[in-house]
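Report on the following structure.
All values below come from the heavy atoms of this structure, side chains included, with hydrogens, waters and symmetry mates left out.
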Amino acid sequence: MVSQEPHFELRLASSPEDIRAVQRLRYEVFVAELGADGALVDHEARLEADRFDPFFDHLMLLDHRRAVGEQVVGVYRVMQEHGAKAAGQFYSEDEYDLAPLKSSGRRLLELGRSCVHADYRGGTALMHLWNGLADYIVTHEIEILFGVASLHGTDVAELAAPLSLLHHRHLAPEGLRPKARAAGYQDMNLIAEDALERTAATRALPALIKAYLRLGGAVGQGAFVDHAFNCTDICLILDTALMSEKHRALYARGRGI
């Protein structure tokens, strides 16, 4: 994948060293910055890992102007159905019943662990990752994208407005609507639609979630409160067949960035 900014390189991880570099950035963002934890998190080595990493493809953005060992500045991990079969499940299935998606007969791709180094937020790094994802989607003829996306924190009262907005305005069609599992289930219908301040609620949504919604994304039923990761998750679904021609062009713009 060739970038118009020659100091950037976008590629899939291809070695154990690459995976460790990905996990190192994830540690800085999810653990050091956002307070997450997990059974396989290595605090001494500062690596954020889980048992699913070997079954995902890891899209990584490198800035070759940085020192060796610190060049990975953006990551996105993606898993196709054969990866989920090898892992025994999709990552999201710990939190959501994915039966509607798995029985759809459509080609699925699970997305997760997307993050960008703090120094690169607000610049072109996220767009590079999205363009690389677009290339991957076209190459593998993916039809439905899905994955859990997080709102920081587990205080549902503080998240009531954005969760309610998602419930009232962005529920997925019933035939493609996963449901949060009972262990962490949180009803998202917390504020009546006519009492909701939509502008403030929209502003409270993370940028990544808003980006998926602009592309035509929708959400599953209920949120899942994840205390270990210090977040409240929603399940995002994007059916590429329902995207507008303008938005579909993002996923068909050819190889590279």
Side-chain angles (χ1 to χ4, degrees), residues 13 19 22-23 25-27 29-31 33-43 47-59 75-104 106-115 133 142 144-156 159 162-163 166-167 170-172 174-188 205-206 208-209 212 217-239:
I19 297 298
V22 164
Q23 293 169 340
L25 176 62
R26 288 180 1 203
Y27 186 97
V29 175
F30 294 122
V31 181
E33 184 177 339
L34 299 177
D37 203 352
L40 297 183
V41 171
D42 186 336
H43 293 287
L47 301 174
E48 192 279 305
D50 67 19
R51 78 170 188 87
F52 291 92
D53 275 335
F55 307 102
F56 274 87
D57 285 334
H58 299 264
L59 185 65
V75 298
Y76 223 134
R77 72 178 189 179
V78 297
M79 183 161 66
Q80 298 184 60
E81 291 166 275
H82 62 81
K85 184 176 180 179
Q89 65 172 87
F90 283 108
Y91 171 84
S92 306
E93 287 186 272
D94 281 344
E95 299 186 0
Y96 281 84
D97 179 358
L98 301 180
L101 297 180
K102 294 170 69 177
S103 64
S104 69
R106 313 281 295 285
R107 192 181 294 270
L108 306 177
L109 184 70
E110 182 175 40
L111 313 177
R113 290 297 200 278
S114 170
C115 64
L133 179 61
I142 301 301
I144 293 179
L145 316 176
F146 73 96
V148 294
S150 301
L151 289 81
H152 182 53
T154 58
D155 186 340
V156 175
L159 301 174
L163 290 177
L166 293 172
H167 173 81
H170 299 288
L171 276 183
E174 189 170 355
L176 292 176
R177 189 186 303 168
K179 182 177 180 180
R181 296 195 182 278
Y185 187 91
Q186 171 60 53
D187 187 1
M188 295 197 298
L205 287 171
L208 185 64
I209 294 177
Y212 278 112
V219 301
Q221 180 178 339
F224 189 95
V225 180
D226 184 348
H227 291 282
F229 226 66
N230 191 32
C231 63
T232 299
D233 292 337
I234 53 104
C235 187
L236 279 167
I237 305 100
L238 180 59
D239 184 345

Nearest 0.5 Å, please: how far is [atom2] in [Y] from [atom1] in [X]?
| X | Y | atom1 | atom2 | value |
| --- | --- | --- | --- | --- |
| C231 | F224 | SG | CZ | 9.5 Å |
| L159 | L151 | CG | CG | 5.5 Å |
| D97 | C235 | CG | SG | 10.0 Å |
| S92 | F52 | OG | CZ | 8.5 Å |
| F229 | D50 | CZ | CG | 8.0 Å |
| L171 | L176 | CG | CG | 12.5 Å |

Between Q80 and D57, does any side-chain donor sit less than 3.5 Å from a side-chain acceptor?
no
Test log, rule side-chain contact (heavy atoms from CB on, under 4.5 Å), inputs L111 and L236
CA-CA 9 Å; L111 313 177; L236 279 167; over 6 Å; no
With under 30° as parallel and over 60° as perpendicular, where do the rings of F56 and Y91 fit, or are they tilted in between?
perpendicular
Donor-acceptor contact present, side-chain [X] to main-chain [Y], <3.5 Å:
| X | Y | value |
| --- | --- | --- |
| R177 | Q221 | no |
| R77 | G112 | no |
| H58 | D53 | yes |
| T154 | D226 | no |
| R51 | A87 | yes |
| E81 | L108 | yes |
| R181 | E93 | yes |

Compare every heavy atom of [Y] with every heavy atom of [X], then report the nearest pair and how far apart it is.
| X | Y | value |
| --- | --- | --- |
| L101 | P178 | CD1-CG, 3.9 Å |
| G147 | E110 | CA-CG, 4.5 Å |
| P206 | S150 | CG-O, 3.5 Å |
| P100 | G175 | CB-O, 3.5 Å |
| V75 | L25 | CG1-CD2, 4.0 Å |
| I142 | L145 | CG2-CD2, 3.4 Å |

I'd like to check [X] versus [Y] (side-chain heavy atoms, cut-off strictly below 4.5 Å). Are they in contact?
| X | Y | result |
| --- | --- | --- |
| E48 | V29 | no |
| R113 | V22 | no |
| I209 | V219 | no |
| I144 | I237 | yes |
| I234 | L163 | yes |

Can you confirm whether or not the ring centre of Y96 sits under 6.0 Å from the ring centre of F146?
no
Quick check on the 6.0 Å ring-centre criterion: do F55 and H82 meet it?
no
Given the rule in the side-chain contact (heavy atoms from CB on, under 4.5 Å) test, do Q89 and L98 qualify, once you have shown the distances and angles that lead to the verdict?
CA-CA 10 Å; Q89 65 172 87; L98 301 180; over 6 Å; no
Start with the C-alpha gap between L133 and V78, add the side-chain angles, then the distance that decides, and say whether side-chain contact (heavy atoms from CB on, under 4.5 Å) holds.
CA-CA 9 Å; L133 179 61; V78 297; 3.8 Å; yes
